[in-house]
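Computed from a prediction, not measured in an experiment: that's the story for all the values here.
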Amino acid sequence: MVGTGSAANPFVISAAPASLEAGDNITIGGAGTVGDPFVITAVTDCTEVRQCVSAGVGLTYNPATGVFASDGSAAVQVGCGIDGDGSAGSPLAITAGAWPYPCNVTTSGTPVYCDANGQIRTTPPHTATQNVQQTQTAYPNVLVPNPDDTQIEVDMLAFVNPDPCRPAFVIIEQEMEVSCDMPIGSTWASGIGTDDMVFRFNNGNSPQVSVHSQHTKVVATIVGPGVATVTQMRVTMGRGTGGATYERVQTFLQTFILSIAD
């Protein structure tokens, strides 16, 4: 420091610049004077910055453009049948088993669905149910009618397709048995609806008592999803001659309800 501090001779303070040392990726230019001040420049490599930002997976870096981008894996947590981290090299995927059937999975496999709660669902289960009704009615030796296909009894069975999603293929089994007393030379016939199932003729030399045989008819129909309906069986008789009478009618009516595959 020189000068007396007066207006005519002010103090003048001068000093040498401090010693500066550059670290990694740092450059220092200039002499530190008013005319040539220090200029400090920092240069770093993007691959080094990545470690500071992500400390592992999470970012991708394109050295050609200098752009960082998320690889999608940082926020992904998997479990229960989901695998992968969401990255290009390990995309999210369902852990699937091997297709065990001889048919082609692309053309024969059924899809899965997402419900209102975000849960994955498969196709609804198929259903198979059965309904049975059996009757046995005694009659006081009623004369067999002569006109063919005369209805003597009708049985009804109500059923519901329990599948709310699919139509059902319904197999309907109808069984009937009529017991008749037959004087010599008498005849009678019985059937289901207009189908004659049996015809009897007593051409012997003695009456026949409680003559009977059991007969079955099978039909089928389609019933819509969840639809309730009624099936019926008409027991008919006819061709009665010679005083033939019936004394008992037994029926067996059942349905097999099978939901139709997709």
Has I222 got more than 12 heavy atoms of other residues, nucleotides or ligands less than 6.0 Å from its CD1?
yes
Can you find a side-chain donor-acceptor pair between T241 and S186 that sits under 3.5 Å?
no
OG1 on T255 to CD on Q133, rounded to 0.5 Å
10.0 Å
Shortest non-hydrogen contact between D181 and S210, atoms and distance:
OD1-N, 2.8 Å
Check T216 against E175 and note the closest heavy-atom contact, atom names and distance.
OG1-CG, 3.3 Å
Looking at E177 and R248, is there a salt bridge between them, counting it only when a charged N and a carboxylate O are closer than 4.0 Å?
yes
Can you confirm whether more than 12 heavy atoms, excluding those of N104, are under 6.0 Å from its CG atom?
yes
If you round to the nearest 0.5 Å, how far is OH of Y246 from CG of N141?
10.5 Å
Does F199 have R239 sitting over its ring (NZ/CZ under 6.0 Å from centre, angle to axis within 45°)?
yes
Quick one: pull up CD in Q208 and CG in N203 and give me the separation to the nearest 0.5 Å.
8.0 Å
From M176 atom CE to D195 atom CG, the distance as rounded to the nearest 0.5 Å:
10.0 Å
Name all residues meeting the side chain to side chain contact (heavy atoms under 4.5 Å, CB included) criterion together with T123; count only those two or more places apart in sequence or in a different chain, and write none if there are none.
T110, Y113, R166, D262
Between T245 and V142, does a side chain to side chain contact (heavy atoms under 4.5 Å, CB included) hold up when you go through it step by step?
CA-CA 5 Å; T245 60; V142 179; 5.9 Å; no
Please check this pair: side chain of D148 against backbone of G238, looking for a donor-acceptor N/O pair closer than 3.5 Å.
no
Do you know the tightest heavy-atom contact between N202 and P183?
ND2-O, 3.2 Å
Indicate whether the side chain of T251 and that of D155 have a donor and an acceptor atom separated by less than 3.5 Å.
yes
Given I82 and L92, is the side chain to side chain contact (heavy atoms under 4.5 Å, CB included) satisfied, shown in steps?
CA-CA 7 Å; I82 302 295; L92 293 178; 4.3 Å; yes
Applying salt bridge (Lys or Arg N to Asp or Glu O under 4.0 Å) to D83 and not counting sequence neighbours gives none
Within this structure, what is the CG-OG1 distance for the pair L157 and T135, rounded to the nearest 0.5 Å?
11.0 Å
Using modelled atom types only, decide if a donor and an acceptor are shared between the side chain of D163 and the backbone of S259 within a distance under 3.5 Å.
no
Does H215 form a side chain to side chain contact (heavy atoms under 4.5 Å, CB included) with Q174? I'd like the steps, not just the answer.
CA-CA 8 Å; H215 300 271; Q174 304 170 333; over 6 Å; no
Inter-residue atom distance T236.OG1 - D196.CG, 0.5 Å rounding
6.5 Å
C103: partners by side chain to side chain contact (heavy atoms under 4.5 Å, CB included), with sequence neighbours left out:
W99, Y101, S108
